[in-house]
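Take a look at the structure below.
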Amino acid sequence: MSELEHDEVSRETPESDQIASPSRRTFLKGVAGAGAAVSLISKGAWANGEIGFWAKDLPNDKLTEMFRTIVRIRWHERTMVDKMITDPKYRGYNHFYAGQEAVATGVCAALNNKGPFDQLDLVYSTHRPTGHAIAKGVDMKKMAAENDFRATGLNGGYAGEMHLSDKSCGFIGADGMIGPGHVIATGSAFAFRARGSKQVSVVFGGDGTYATPHFHAALNNAALLQLPFIYVLENNLYHQYAHYSYSCPMKDIADAARTYRIPGVVVDGQDVFQVYNAAKTAVDRARAGEGPTLIEAKTYRYYNHWGAPGAEAGQLGAFGYDPLAISSFRPEREVRAWMQRDPVDICRNTLINWGVLTRAQADEIEAAAKKEAIEAFAWADQQPFCKPEDGLKNVFVEGVVPARQFG
Amino acid sequence: MSELEHDEVSRETPESDQIASPSRRTFLKGVAGAGAAVSLISKGAWANGEIGFWAKDLPNDKLTEMFRTIVRIRWHERTMVDKMITDPKYRGYNHFYAGQEAVATGVCAALNNKGPFDQLDLVYSTHRPTGHAIAKGVDMKKMAAENDFRATGLNGGYAGEMHLSDKSCGFIGADGMIGPGHVIATGSAFAFRARGSKQVSVVFGGDGTYATPHFHAALNNAALLQLPFIYVLENNLYHQYAHYSYSCPMKDIADAARTYRIPGVVVDGQDVFQVYNAAKTAVDRARAGEGPTLIEAKTYRYYNHWGAPGAEAGQLGAFGYDPLAISSFRPEREVRAWMQRDPVDICRNTLINWGVLTRAQADEIEAAAKKEAIEAFAWADQQPFCKPEDGLKNVFVEGVVPARQFG
Amino acid sequence: MAKKSWMYAVLEAVQYEMRQDKNMIWIFELTPPVASTPGLPVINLEKEFGRKRVVNTGIDENWMASCVLGAGLAGSKAVTYIPYQGNCMCFQVIQNHAGKLRSMTGGVASMPIVFLLEMTGQTPGFAGQHSDYEIDTYYAHIPGVKTVVPSTPTDAKGMMAAAIRDPNPVCYLYPAGLREMMEDVPNEQFTTPLDKAAVRTTGSDITIVGSGGGMPEVLKATEALQKQGMKVEAIDLRSLKPMDTETLVKSVQKTKHLLTVDQSYYTLCPGAEVIARVAENVRGARFKRVAFPDAPPPASPEMFLWMRPNADHIVAAAKKLVG
Amino acid sequence: MAKKSWMYAVLEAVQYEMRQDKNMIWIFELTPPVASTPGLPVINLEKEFGRKRVVNTGIDENWMASCVLGAGLAGSKAVTYIPYQGNCMCFQVIQNHAGKLRSMTGGVASMPIVFLLEMTGQTPGFAGQHSDYEIDTYYAHIPGVKTVVPSTPTDAKGMMAAAIRDPNPVCYLYPAGLREMMEDVPNEQFTTPLDKAAVRTTGSDITIVGSGGGMPEVLKATEALQKQGMKVEAIDLRSLKPMDTETLVKSVQKTKHLLTVDQSYYTLCPGAEVIARVAENVRGARFKRVAFPDAPPPASPEMFLWMRPNADHIVAAAKKLVG
Ligand SMILES: Cc1ncc(C[n+]2csc(CCOP(=O)(O)OP(=O)(O)O)c2C)c(N)n1
Ligand SMILES: Cc1ncc(C[n+]2csc(CCOP(=O)(O)OP(=O)(O)O)c2C)c(N)n1
Ligand SMILES: [Mg+2]
Ligand SMILES: [Mg+2]
């Protein structure tokens, strides 16, 4: 592939550059030349990781799997961006997750994602679901088809990105509303406790969820009933066009856990192993009947709030850290600073430092991830569109509802 | 009046007994023989009062007014109880406030209750409003007529007890729902801030309000916008048939204020002067633009959750601490213990100790309050019923809506 | 068969299902799941099934409904009893989540759940929020939930059993004004369909359609009219969504006169839908609605009772329509 | 007079009123109160009136609506712009408080407030919660609030001015699908009544009644039908509550054919109320509804666009009804 030869980006670990596609170049500029910083920071993160010790004890294949998941999410993102820019027929939109991959990956690595439904841990996701979905085990091909509204997509074309779901791996799914999912997730936890199951119910949510009335409801009831419930608050500093300080009086949202007499843990959301450690502790607590945990993962999204098909850089609805959006709300320096602590790099460097992976192995994994993503979108492209009249299905379990649009 | 001669209750201050009516005897048994304890406790409360110093500096007539308000509320309650038991034609119901009088009185004494509407402090009340109403300055006669659904009642017979309101003194009014009023009240505070007014918006609410999603919404937004808003949480330990520990993980609900970075004050709700001190501090803060305060007043209601007309002791919907209700949720010892710290007695004894009132003066005030209450209910009895067709009015400011019940 | 109140009949159905399915959940707030009737055992779900399955919560009806939805999504049958004060606190989660999740997930979501939503309409003096009867319309407009409103203890039992067994979310409206109604109800479990209206009397002069809290007055009026020689076909809707168009249309094809009766506010009351469906399908019929005016119920009993449709109103309206 | 978008026209009305009344408040969440149009000054309420009067809040639409209600009760005019995602988050406080408080207080409560409720219905791909169009019914069933749904920039301006000046709470529905619509709108302030339907074309063969987001397709269909010789009286409801019965009845008395068009779900859509009102008052007319099926809108554009009523559907239905 030609991009391998024309790579312009200079990094400390040149091998890994070879899989950077031209379409990611602008995006990578933020990280460019920051290789040294990255490895320093990842050392720091590793040192930190010694405190929460779970990850260090994991077998190599489990650790490798976490790296694989992170790069699969990243390559899903990048491939989708490419599709949006280059394929005028592509119709999917996305709320991008690039920059936050370590959160979904670290949390889901601590969960049970395979087996019969009544033994799976459940994940409730948000309007920004594709990273969570991949981490939980959703099939990338089917998801890509769903995001382009194909009849053979994950949800038959009914869902689109904001409602992706997959019962087979316990991914209860995306929800386009901010707030309600958190409360609904406590209901699953309630059911687990009622039936004496060891399952746990996990909800992801942004810093925007703090101000919703649902924040209080979810945590208070989960705390009172000691439910096996984990609230993973991904604090990426912004909800749409406002900094979280506009809606939250605290620096650490996790502080709010005090009121509910439950653990409130702040974790470095860029370091998958720290996220894993916090999640593992919370999951163990939950399974032991000791109740809920609030985990606040400090993280950052690289792209805009969302990306629309046919988007152009510099316009709202585009991706990439476009100058317009940055100047209106996210300072460019802030974006660049966070990119220096890229979750892909941190994970990669940590595993190399730990001797779990060689650089070559890491590159191989990343190349495979890229291939998988490209193939997934290519497969999706071949899938049939929905039949209009199927819109009358899936209202109730049985039958169809009558058409009413014709009078 | 014959009850003056047949009084059986023995108390330290016999003069005050003379106004106990036979219908209150059972009720007073809890307080009987506890005179000594009461005065000790009230000394303790006074000592405490030294810390919050505002009340001590008040002129005598203001302090006397507070005592007058407390006994007016108490006698309103007692007279209503009498009506319910003795007058088969009486239709009013009530959520009684006896035992909690010091909270409404102390808070409203710190507010501006007279003058043009745009200078009044506003009070939002609950399903348990009559004490708040009297303390805010609502006319007792008109309220009594409203509670019996008379056309000349405070709200023309549209409101009944659960929606009493009186703009003329800033009593925005009762609200039968638990939760929403708190959020709505922040809206008034928002309006004050927007127009640069010094008014404050006060909401009363029970311990039951803590678990509502509205608790978070009201406090978080008020804190973020530094609104002149005061949340007076009357913790009477129960919401309907459940102890507050069923819905709140904290002993002091005021602790929740931490999350919002605002003062959370616990105050002895039986001592009107301590309540006043806390309220005055909060009002001063609010007027100075320093934002909201959460005041938790520890208090207790003597009667059941509510009283219905024609009630009989020992049945649900009755008042008095009926044995049935106590055994099902409120331990008799708990009720008796709280009655030892009666807000009427504490206020009375404090003012006598302070030399503000003589016993004779206190008795006179109480006798006048009793007379007022009896006259208010007598006046209400004479008022006309509503005209059925007026039900079509007051839907919009203008006109009537069409009748639809006749086809 | 034994004389049972509405609530006894309902809890009997619930108790049976909870014994069959040890994962099934019941969430309540004010109203303990307890009922008794002479000669039969006291039902106390909390005692029988324990506090892990039967929970009394804080004042947060949105949590109650959301909890039941989450339990359903996790594969458990669940019911919540929402007191009338909170019957719109939980509106959004039912409208925007429970109602849409089957569609939005392409049929994947599991929701074997029941929202038992108490409505009032019954109490003079309580005013506005505590005497209103209006949620039938709000909940019946939502797609993806079945919305039913039984009006007798027997239907209450049969439809609760059916609702629990139905894999779709069901909004089961309980008009609290029927609390004291007693009737003979079978002791054994049975189900009543969630999509069929009940023809309570057959007749050829006029069709009178009501539901829920309004049915007792419809039947009283029907009796009075029949005594006066009018042949009334009285229909109890029972299910608001899906609505049993066929039964309605058939009846009015015969009677050519349709009178609807609602305790709900006039504008967009269930009767509006009944009339519209029939008017789309039957030519030349005559139509009239009796409903609560578009006004919140005032406290005063004089005003409230004058405004709430009763048998006299119905009798007069029927005569006017037919005469 | 100048070409303006829907939102420019609305903000112009709001700006005028906020300049008149220095206490007036605007609360928003996602949608900055900013609009521009060529040749006219940019409107930016936040900049012009400052952050004490114009506030961007956290994600809590119930707070937004409650805040506006509380401001009204304190004597201030207030408007909130609720984004469509949250348009049922604030349902309970409007239904149970704003709608009832005038009655419950015996006429005392002050509520010069407007809830600007965005609705969608427009976006294929967003599915369920982000493509639905359904709140017209929910809000129109509430007594004590006026519920209006303008369908042109001119009405949008006139009705916003009227809504702000109205002492009653007004639910002002904004069908976001009309976002791009441009038309000549007067620059000076004017008001449009909140209780009158607009007869868009007069005709004697059929009455077609629509509202809000559905109106452009109604007018397109009307044009097509007229070209084919059918005399169509196209009516834009504009106000759902109170509903302008007189205009509707008069029209159908003439045309004897009534077709209603809604983007809202069929069961209990505004058209049901239109038909019921007319059927109660006009004998022997023929009726039909075109509406979104009782199904949440699926993501797939193929499904969604087939289900949403359009001009072709309306033309075919009109021909069938009249023919
Ligand atoms: C109830 C509701 N109100 C508003 C919106 C519109 N909305 C979509 S995403 C978003 C911001 C969410 O921010 P955050 O929770 O921090 O998540 P992030 O986008 O940063 O991942 C908002 C307000 C919504 N989806 N739901
Ligand atoms: C939203 C809502 N749910 C339920 C109720 C029924 N209800 C009336 S009073 C009450 C208890 C309130 O307890 P608390 O707030 O402690 O006040 P208290 O009665 O002790 O004064 C409840 C649950 C209600 N009024 N509103
Ligand atoms: Mg965020
Ligand atoms: Mg209480």
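The shown structure was predicted, so the numbers you read here are calculated from the model rather than taken from an experiment.
Highest contact tally toward chain B, considering only D:Leu73, D:Asp60, D:Asn168, is held by D:Asn168 [criterion: heavy-atom pairs under 4.5 Å]. Of all the listed residues (D:Pro242, D:Ala65, D:Ala74, D:Cys67), the one sharing the greatest number of non-hydrogen pairs under 4.5 Å with chain B is D:Ala74. By number of non-hydrogen pairs under 4.5 angstrom with chain B, the leading residue of D:Ile27, D:Leu101, D:Asn23 is D:Asn23. Of the listed residues (D:Val55, D:Val54, D:Asp166, D:Thr57), the one with the most heavy-atom contacts under 4.5 Å to chain B is D:Val55. Each of B:Gly391, B:Ser188, B:Ala194, B:Ala191 has some count of heavy-atom pairs under 4.5 Å with chain D, and the biggest count is that of B:Ser188. Taking B:Asn221, B:Thr186, B:Leu122, B:Val183 one by one and counting their heavy-atom pairs under 4.5 Å with chain D, the maximum is reached by B:Asn221. Taking D:Ala78, D:Gly144, D:Pro167 one by one and counting their heavy-atom pairs under 4.5 Å with chain B, the maximum is reached by D:Gly144.
Residues D:Thr260 and D:Arg289 have side chains that never bring a donor and an acceptor to within less than 3.5 angstrom of each other. One side chain, B:Ser247 or B:His239, offers a donor N or O that lies under 3.5 Å from an acceptor on the other. The closest side-chain donor-acceptor pair between D:Thr207 and D:Ser251 falls under 3.5 angstrom. Using a 3.5 Å distance cut-off with no hydrogens or angles, the side chains of D:Glu118 and D:Tyr81 do pair a donor with an acceptor.
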>> Pair D:Leu11, D:Leu45 - check side-chain contact (heavy atoms from CB on, under 4.5 Å), show working.
In response: CA-CA 8 Å; D:Leu11 291 187; D:Leu45 302 182; 3.9 Å; yes
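For B:Ala185, no part lies near chain D; criterion is any non-hydrogen pair under 4.5 Å. Using a 4.5 Å cut-off between heavy atoms, D:Glu280 makes no contact with chain B at all. Only the side chain of B:Asp175 comes within contact range of chain D, judged by heavy atoms closer than 4.5 Å. When heavy atoms are compared at a cutoff of 4.5 Å, D:Ile25 approaches chain B solely by way of its side chain, counted from C-beta outward. Looking at B:Phe117, only its side chain comes within 4.5 Å of chain D, counting heavy atoms on both sides. Contact annotation for D:Lys146: both backbone and side-chain heavy atoms come within less than 4.5 Å of a heavy atom of chain B. With a 4.5 angstrom heavy-atom cutoff, D:Val93 touches chain B only via side-chain atoms. Contacts of B:Leu120 with chain D are absent, with no heavy-atom separation under 4.5 Å from either backbone or side chain.
Between B:Phe204 and B:His132, the ring-plane angle classifies as parallel under the 30° and 60° cut-offs. Taking the six-membered ring where tryptophan is involved, the planes of B:Tyr93 and B:Phe149 are tilted, since the angle between them lies from 30° to 60°.
For B:Tyr260 and B:His216, the distance between ring centers is under 6.0 angstrom.
When each of B:Arg128, B:His127, B:His95 is checked for a side-chain hydrogen bond (donor to acceptor under 3.5 Å, both in side chains) with B:Glu161, only B:His95 meets the rule.
The neighbour count for D:Glu48 CD, taken as heavy atoms of other residues, nucleotides or ligands under 6.0 Å away, is above 12.
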